[in-house]
Amino acid sequence: MPKIAILIYSVDNTIAKLAENEKKGIEIAGGEAEIFQVPDINYKSDLEQEEEGGKARKTNADFPYKIVTRETLVEHDYYLLGIPTKFGNFPAEWKNFWDSNTGGLWAKGSLHGKIAGLFVSGAISGKGDTEMCIMNAMSTLVHHGIIYIPLGYKNAYKELTNIDDVNGSCAWGAGCVSGVDGDRPPSVSELKVHQLQGKTFYERIKDL
Ligand SMILES: Cc1cc2nc3c(=O)[nH]c(=O)nc-3n(C[C@H](O)[C@H](O)[C@H](O)COP(=O)(O)O)c2cc1C
């Protein structure tokens, strides 16, 4: 059975919730996946500095997932990357992980031909930030020769074309709008699209 690693970074829990639903979708389709988290970078956010005693920033220790290492990347052939958008790009923690762990893998072509899909979250909807985030993240995948599988419209057409409710998903990958304070929980429709992405991804790779 293909080994799928769901690689995430989450502070306010949105991406972690979405990852659990991607995993559920894979399992519904008969597959298996494990969630790993990208290591923290030890810094205080500007919000924490401004609001000492305010909302505590979550760290890796607040989540039950193993930390992703270069061995995780080598041992798995399939990845789903869950990325919280920062200024239309992936956060420093993601960049730090790839930059400090994968130069040697890049030089040897160790990840060439592996396959990945992406899912995202962002505070606001309809500004293109999360799509930009996926496109920017793809530069890293392309340099490693990792093949990208989009969500597309086929299996999530109903949810992606519904304009009665906010849904952060798009053809590039399932998504979620978490609100400017990060406290909007994923909607039923958004969670459904994450499950559909997990299912669609697994069905695409299972016979490769
Ligand atoms: C410094 C910073 C920059 C951000 N930039 C964006 C952005 O460009 N677009 C957006 O929609 N959300 C942006 N956000 C919001 C996060 O993407 C959003 O809160 C995300 O859902 C957090 O995921 P998490 O709950 O898993 O930590 C930003 C948040 C921070 C702290």
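For this chain, numbers begin at 1 and follow the sequence in order. All ligand and atom numbering here is 1-based and tracks the order in the structure.
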Colleague: Report, in ascending order of atom number, the atoms of ligand 1 lying under 4.0 Å from any heavy atom of Val11.
Modeller: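 Numbered from 1, ligand 1 contributes 24 (P), 26 (O), 27 (O).
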Colleague: So, regarding Ala16 and ligand 1 (criterion: nitrogen or oxygen to nitrogen or oxygen, under 3.5 Å), is there a contact or not?
Modeller: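 N/O-N/O distance below 3.5 Å does not exist for this pair.
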Colleague: Ignoring hydrogens, just give me the one of Gly128, Ala123, Gly168, Ala92 whose non-hydrogen atom is nearest atom 15 (C) of ligand 1.
Modeller: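 Residue with the shortest heavy-atom distance to the ligand atom: Ala123.
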Colleague: Less than 4.5 Å apart, any side-chain heavy atom of Arg70 and any of Phe97?
Modeller: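 Side-chain contact under 4.5 Å: no.
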Colleague: Atoms of ligand 1 less than 4.0 Å from Ile124 heavy atoms?
Modeller: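 By the 4.0 Å cutoff, the relevant atoms are 11 (O).
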Colleague: Just by modelled atom types, is the Asn21 backbone N or O under 3.5 Å from a matching donor or acceptor in the Lys23 side chain?
Modeller: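 No: the side chain of Lys23 does not pair with the backbone of Asn21.
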Colleague: Do Gly88 and ligand 1 have an N or O pair less than 3.5 Å apart?
Modeller: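 Yes, since at least one N or O of Gly88 sits under 3.5 Å from an N or O of ligand 1.
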Colleague: Can you tell me if Glu34 has over 12 outside heavy atoms packed within less than 6.0 Å of its CD?
Modeller: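 Yes - once you tally the heavy atoms of other residues, nucleotides and ligands closer than 6.0 Å, there are more than 12.
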Colleague: Which of the numbered atoms in ligand 1 are below 4.0 angstrom from a heavy atom of Ser10?
Modeller: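 Answer, ordered by atom number: 24 (P), 26 (O), 27 (O).
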Colleague: Report the distance from atom CD1 of Ile35 to atom CD1 of Ile6, rounding to the nearest 0.5 Å.
Modeller: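 Answer for the CD1-CD1 pair, Ile35 versus Ile6, is 5.0 Å.
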Colleague: I need the atoms of ligand 1 closer than 4.0 Å to a non-hydrogen atom of Ile15, numbered in the order shown.
Modeller: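 Taking each heavy atom of Ile15 in turn, ligand 1 has 26 (O) under 4.0 Å.
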Colleague: With heavy atoms under 4.0 Å as the rule, classify the contact between Thr130 and ligand 1 as side chain, backbone, both or neither.
Modeller: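 For Thr130, no heavy atom sits under 4.0 Å from ligand 1.
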Colleague: Nearest 0.5 Å, what's the CD-CG distance between Gln195 and Leu18?
Modeller: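 If I round to the nearest 0.5 Å, the distance is 11.0 Å.
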Colleague: Has Lys199 got more than 12 heavy atoms of other residues, nucleotides or ligands less than 6.0 Å from its NZ?
Modeller: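 Counting neighbours around NZ of Lys199, 12 or fewer heavy atoms of other residues, nucleotides or ligands fall under 6.0 Å, so no.
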Colleague: Asp129 to ligand 1: N or O pair under 3.5 Å?
Modeller: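 Min N/O separation from ligand 1 is below 3.5 Å for Asp129.
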Colleague: If you count heavy atoms of other groups shown closer than 6.0 angstrom to CG of Leu208, is the number above 12?
Modeller: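 It does: Leu208 CG has more than 12 such atoms within range.
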Colleague: Any N or O on Gly182 sitting closer than 3.5 Å to an N or O of ligand 1?
Modeller: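 Such a contact does not occur with ligand 1.
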Colleague: Show which atoms of ligand 1 fall inside a sub-4.0 Å distance from at least one heavy-atom site of Ser178.
Modeller: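 Per the distance check, 18 (C), 19 (O), 20 (C), 21 (O).
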Colleague: Would a 4.5 Å heavy-atom cut-off, applied to side chains only, mark Lys192 and Glu159 as touching?
Modeller: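 Lys192 vs Glu159: side chains touch.
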